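Report on the structure given below.
One-based numbering, in listed order, for ligands and for the atoms of each. Numbers here simply count residues along the sequence, with the first being 1. All values derive from a computational prediction rather than experimental measurement.
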Amino acid sequence: MIYFDSAASYPILPEVKTALRNAFDNCFANSSSNHFLGEQMLAIVDDVREKIADHISAYPSEIIFTSGATESNNIAIKSILLGDTELSKKKHIVVSAIEHKCIFSICNHLKNNGFSVSLVKPNDFGIIDAESVKKAMREDTALVSIMHVNNELGTINPIAEIGQICFDNRILFHSDAAQSLCKQVINVDAMNIDIMSFSAHKIGGPKGIGAVYIRDLRKRELQPVIHGAGQEQGIRGGTVAAPLISGFGAALATFPNYYEGFKKKNIRNYLIEKLQTSGVNFIVNGNEDVLPHIISLTLPKTNTSLLLQKNSQRFCLAQGSACSSREIEASHVLTAIGLNRELADRTLRISFTNEVTYSEIDELVNAITKAAL
Ligand SMILES: *Cc1c(COP(=O)(O)O)cnc(C)c1O
């Protein structure tokens with residue numbers, strides 16, 4: 001099996017497996033417990049909290065552990081807007097049309113609570129430019145949410161520029177960084193980010209753990225996502241998942257190195273060159289300046305359904321995006337950049353692990369060639 005779906009979930013790194021094994025053996029105590037083992041757990045949890053904070057130039061007190069980016073996005077938008085008496089008077093938010101689906105679902109919940117939502121369209125290259133975000137802002141805009149790197153295209157939004165505009169207009173800025181953590185430099189101060197979402201399983205960590213950064217968290221009023229016994233500054237109740245957090249820490253420490261090695265392979269360019277020499281008709285979606293582990297390929301002259309069917313035991317590939325591939329709708333990201341239904345169906349999102357090889361790419365291109373219409 002060749003795994004081309006790392007943007008949906010990255011295989012667990014060997015260092016993470018070791019950390020998890022150790023943690024499952026030894027990290028059984030509750031980090032809230034007032035005894036030696038409890039305090040040991042707390043130290044592990046707080047060490048990872050500090051590493052995440054360092055990684056994005058924030059303070060550890062501004063990091064809350066969550067179950068993943070979906071929950072982080074819930075806290076970032078719902079808990080912040082519904083919990084703050086001043087903010088909740090403003091009833092408008094701005095989000096992009098190419099966000100992860102969970103953002104739209106959160107927006108629908110807010111609409112039911114009297115908010116209105118403006119959707120910013122990307123340009124034809126899948127980028128949300130700062131100017132269009134500015135145009136969507138209103139007097140009563142409470143928050144802007146624009147993802148850092150798009151999970152279907154790999155495109156990188158100019159979040160520092162958008163952050164500056166939000167700062168100038170005193171509007172909170174949230175960015176979903178599930179795809180960019182450990183792959184792009186993140187500095188929440190330099191980029192004027194107020195809230196940011198992360199997930200461990202996109203960088204070789206375990207599923208079910210993530211984090212949210214909230215600027216000046218201690219000074220804010222937030223509505224808890226889970227009402228509990230005061231864990232995670234009262235925002236996210238429940239016993240803190242110390243073993244998973246330890247795995248998250250190992251992923252954070254090791255993934256960047258693997259990714260650097262991956263970048264040197266120039267796999268994306270290799271694939272494009274192979275497609276060119278094989279004579280396949282193809283379009284690469286997005287602009288040139290994308291993250292190299294994702295490529296969105298439209299194959300107008302290829303029977304993509306047949307390709308996927310015939311190779312279902314060989315390749316793990318996403319048609320559109322993993323979250324929507326079992327649905328009948330075309331991907332909202334692809335339609336937002338102007339693809340019609342038919343072209344969206346003929347689009348593959350190929351996302352590489354750091355271990356991908358040239359011969360795996362050769363095999364993929366061969367299979368694509370054979371599925372010509
Ligand atoms: C994967 C992903 C999510 C969801 O993350 P979970 O940790 O699985 O909840 C959210 N946003 C983006 C951009 C993603 O790629």
Side-chain angles (χ1 to χ4, degrees), residues 3-12 16 48 52 56 63-79 95-107 109 120 122 126-128 145-157 159 162 173-184 186 193 195-213 225-226 236 238 241 244-245 247-249 251-252 255 259 286 290-296 316 318 320-327 331-334 336 349-353:
Y3 190 67
F4 286 126
D5 203 18
S6 71
S9 196
Y10 198 96
I12 299 211
V16 174
V48 178
I52 296 171
I56 61 169
I63 306 289
I64 297 279
F65 285 111
T66 65
S67 63
T70 302
E71 187 185 329
S72 297
N73 288 343
N74 270 270
I75 295 179
I77 301 179
K78 218 164 62 184
S79 299
V95 306
S96 90
I98 57 167
E99 294 298 307
H100 188 271
K101 279 215 160 165
C102 66
I103 296 280
F104 303 118
S105 163
I106 299 163
C107 285
H109 178 73
V120 180
I127 306 294
I128 305 296
S145 177
I146 309 287
M147 71 200 322
H148 191 186
V149 167
N150 181 270
N151 50 304
E152 290 190 38
L153 304 169
T155 45
I156 307 162
N157 288 317
I159 58 167
I162 297 168
F173 179 41
H174 165 249
S175 186
D176 177 346
Q179 289 294 338
S180 61
L181 181 68
C182 290
K183 297 163 193 155
Q184 284 279 292
I186 296 173
I193 291 154
I195 314 150
M196 200 165 220
S197 305
F198 307 103
S199 177
H201 76 97
K202 302 297 171 89
I203 56 166
K207 288 164 195 60
I209 191 75
V212 59
Y213 156 77
V225 270
I226 299 173
R236 210 267 178 177
L244 298 181
I245 289 170
F248 190 1
L252 194 75
F255 188 90
Y259 199 69
V290 288
L291 283 197
H293 70 288
I294 299 178
I295 185 164
S296 171
C316 290
S321 94
C323 314
S324 49
S325 63
R326 283 198 185 88
E327 292 172 19
S331 143
H332 66 284
V333 175
L334 298 177
R349 183 209 39 201
I350 306 165
S351 52
F352 313 108
T353 64

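Residues passing the ring-ring contact (aromatic ring centres under 6.0 Å, His included) test with F352, sequence neighbours excluded: none. Not counting sequence neighbours, the partners of D176 by the side-chain hydrogen bond (donor to acceptor under 3.5 Å, both in side chains) test are N73. Qualifying side chain to side chain contact (heavy atoms under 4.5 Å, CB included) partners for S145, counting only residues two or more places apart in sequence or in other chains: I77, V95, E99, I103, L143, H174.
In summary, the side chains of S9 and H201 do present a donor paired with an acceptor at a separation below 3.5 Å, with no hydrogens or angles considered.
A ring-centre distance under 6.0 Å is found for F255 and Y10.
Checking side-chain atoms of N157 against main-chain N and O of M147 turns up a donor-acceptor pair under 3.5 Å.
Taking a heavy-atom cut-off of under 4.0 Å, ligand 1 is surrounded by G68, A69, T70, H100, M147, N151, D176, A178, Q179, S199, H201, K202.
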